[in-house]
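Beneath this line is the structure, given in structure tokens, with notes to follow.
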Number of protein chains: 2
Amino acid sequence: MKLPSATSAITIELTAVLVALTADEPQVLTLEDGALLPSGPFESDHPTLQTGLRAWVEQQTHHPLGYVEQLYTFADRNRAAEGGHGLDQRRVVSISYLGLTRERLSRGPRDPEWRNWYRYFPWEDWRAGTAPLVAREILPRLRKWSDASGDSALKRDRRQRIEINFGDGKKQWNEDLVLQRYELLYEAGLVPEAATGRHQVDAPLFGMMMRHDHRRILATGIARLRTKIKYRPVVFELMPEAFTLLQLQRAVEALAGRPLHKQNFRRLIDQQGLVEETGAISAHTAGRPAKLYRFSRQVVLERAFGGTKLPLSRS
Amino acid sequence: MKLPSATSAITIELTAVLVALTADEPQVLTLEDGALLPSGPFESDHPTLQTGLRAWVEQQTHHPLGYVEQLYTFADRNRAAEGGHGLDQRRVVSISYLGLTRERLSRGPRDPEWRNWYRYFPWEDWRAGTAPLVAREILPRLRKWSDASGDSALKRDRRQRIEINFGDGKKQWNEDLVLQRYELLYEAGLVPEAATGRHQVDAPLFGMMMRHDHRRILATGIARLRTKIKYRPVVFELMPEAFTLLQLQRAVEALAGRPLHKQNFRRLIDQQGLVEETGAISAHTAGRPAKLYRFSRQVVLERAFGGTKLPLSRS
DNA sequence: CACCTATATACTCAACTAGAGTATTAATTA
DNA sequence: TAATTAATACTCTAGTTGAGTATATAGGTG
């Protein structure tokens, strides 16, 4: 180990939000009992940041990386520094990435472990209708928080943010605001920024915590993916080679956290010509067997518009 | 000057795409005769990257920074390194930002200088209808380039990219694809990655060049801004305190590079309740005087949906 | 076998949106 | 006064979106 030079050295850290789908559930790859996202230093012998990230996620998790997209870069003093090295002058610049893959780690329950992302953000899952957590637990506390602010301008501002983010009143729920909702809950004191020890990772009511700011990075990744599926056909990065249209719908629903209208979803899919029949038919457990489809690559390598909008459903 | 230690040191460089509007034209702040964007190192005594950027843009350009948004981070070997220090092992991580401001530098023509961004990307201005440069100069060359590729799969792929990005055939023009178009022109050899000397900055036909990868960063900034105005009311960051609706329309047109339908633009604006009358009326040069409006801040501090979509017009 | 269940698939419908166009009004300037 | 420039008020039509109804096709169960 070498000591950093007298002038404060800068370290680059790469963090990955690695997403896969298993049994219609969105999974994210974690380390150390779900407390960390895979991350590590950028070695300067790599030609680009992405190759650095790939090399290293694969080495650490034995997991091939498919689609990769950059999320955000920050170097805030008070965010990364939490480990307790009070006098350490090293400056950390943290660059985060979103990665999609169809692979699944076939290991024991130990370290690199896939976790359902709704365990970290239980209020984000509206597939079964209004998440009861929001109405019963979150909204009352947020209202108390906004009412407790003395300044009346501040109070109105808080009320407005609550309404926009959590759909107070009869407003819509916007599934894209994952990060804003997390930040609002943090400001309101319902959710801590980071788990400080190994033992504080579980927080049943408002979701699992993570160390450092990894939970915030995860929120950023989910938000990015949810906006992306609306204009780029990225879902296919997460699907197996052949799939039924219902499977595809369940996949989009899992990511968006909302139920979709089945018939309209199908209309949309074939309007856009994103898929083609394989000829085969699904061997199913129950009900009428469905045709199998595959992603028709030549049509959509870099489709400009349209992607996969969301045919929402009220229910 | 200190030599870097034996282990290769990493430098963080911050680059800003600073945008303003003057006389209905989009302007970007440049240095050294338009060859560079303002940029400089991140000093590790700054608490965050943004404060680093602000401090330093203001010190270098005497210009206050308003709205700021991060663009992209990269550390590619072959991109930043162009200066010729062949053996220099310093690794540069470059973080770019988009900044909006209504201020205008009141100086002589010397160094920090606002330039119309369409001087760098002349093919991006479609306000007066189809840009003749595209039909007459660019498309023929791109077609020659795609036809010259031997492989037929490659040929089809190139044709498809040309069609999507530049609207070959009768397809639509998508104003958001600024970066993809620039990259396509670069691949086709119509545009160089960087100006290598002071004298190669001018390239009348396909726009002015910049040194390093600053022109690519500028493209990224324009693209981001063009997508952003569709769902967030960021135009107002660029407007004076009071303005007429036509001025507002011209501003959006300048950014998007397309003509808008006047009546529909107005319909959209007041549907969304983004502005309110000031009571005053414009002192005009010609024609019927228009009411003056201001951005109604309390309504839209963090509006979730809707922003300002673009009521396009064919003509 | 009749019947039930679960899914696939085909259509229809109404409300809303987006792009376009026409007509009218209100000021300034030649 | 006429010409000009721009603001403002409506209407129209095609397409999109969320929703609902109806029918088809499989496996399983009494």
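Numbered from 1 within each chain, the chains take letters A, B, ... in sequence-line order. Atoms considered below: every heavy atom in the structure, side chains included; atoms not considered: hydrogens, waters and symmetry mates.
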Atom pair distance, as rounded to whole Å: [atom1] in [X] and [atom2] in [N]:
X	N	atom1	atom2	result
B/His261	D/dT13	NE2	P	16 Å
A/Gln247	C/dT7	CD	P	12 Å
A/Leu268	D/dT16	CG	P	10 Å
B/Gln271	D/dA9	CD	P	14 Å
B/Gln249	D/dA6	CD	C1'	11 Å
A/Leu260	C/dT7	CG	C1'	17 Å
B/Leu292	D/dA7	CG	P	11 Å
B/Ile269	C/dA18	CD1	C1'	15 Å

### Message
What I want to find out is whether A/Glu69 reaches A/Arg232 closely enough, with some N-O distance under 4.0 Å, to be called a salt bridge.
### Response
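A salt bridge is absent here (no side-chain N lies under 4.0 Å from a carboxylate O).
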### Task
For A/Arg158, check side-chain contact (heavy atoms from CB on, under 4.5 Å) against everything at least two apart and list the hits.
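Per chain and number, A/Arg158 pairs via side-chain contact (heavy atoms from CB on, under 4.5 Å) with A/Trp145, A/Ser146, A/Ser149, A/Leu154.
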#### Entry: Contacts of A/Ala251 that satisfy side-chain contact (heavy atoms from CB on, under 4.5 Å) - sequence neighbours left out
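Per chain and number, A/Ala251 pairs via side-chain contact (heavy atoms from CB on, under 4.5 Å) with A/Leu21, A/Val235, A/Met239.
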Using a cut-off of under 3.5 Å, enumerate the N/O to N/O pairs linking the protein to nucleotides 9-16 of chain C.
{"from": "C/dT9", "atom 1": "OP2", "to": "A/Arg266", "atom 2": "NH1", "distance (Å)": "3.2"}

By side chain to side chain donor-acceptor pair (under 3.5 Å) - contacts of [X] (at least two apart):
X	answer
B/Glu25	B/Asn116, B/Arg127
A/Tyr293	none
B/Glu137	B/Arg141

#### Entry: A/Glu277: partners by salt bridge (charged side-chain N to carboxylate O under 4.0 Å, His left out), with sequence neighbours left out
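Result, salt bridge (charged side-chain N to carboxylate O under 4.0 Å, His left out) vs A/Glu277: A/Lys291.
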### Message
So if I take the C1' atoms of five pairs at each end of the helix from C/dC1-D/dG30 to C/dA30-D/dT1 and get each local axis, what angle do the two axes make, rounded to 10 degrees?
### Response
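Inter-axis angle at the termini of the helix from C/dC1-D/dG30 to C/dA30-D/dT1: 20°.
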### Query
Out of B/Leu190, B/Leu185, B/Val178, which residue meets the side-chain contact (heavy atoms from CB on, under 4.5 Å) rule with B/Trp123?
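Answer to the side-chain contact (heavy atoms from CB on, under 4.5 Å) test with B/Trp123 among B/Leu190, B/Leu185, B/Val178: B/Leu185.
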### Task
Check ring-ring contact (aromatic ring centres under 6.0 Å, His included) between A/Tyr118 and all other residues, then give those that pass, not counting sequence neighbours.
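Applying ring-ring contact (aromatic ring centres under 6.0 Å, His included) to A/Tyr118 gives none.
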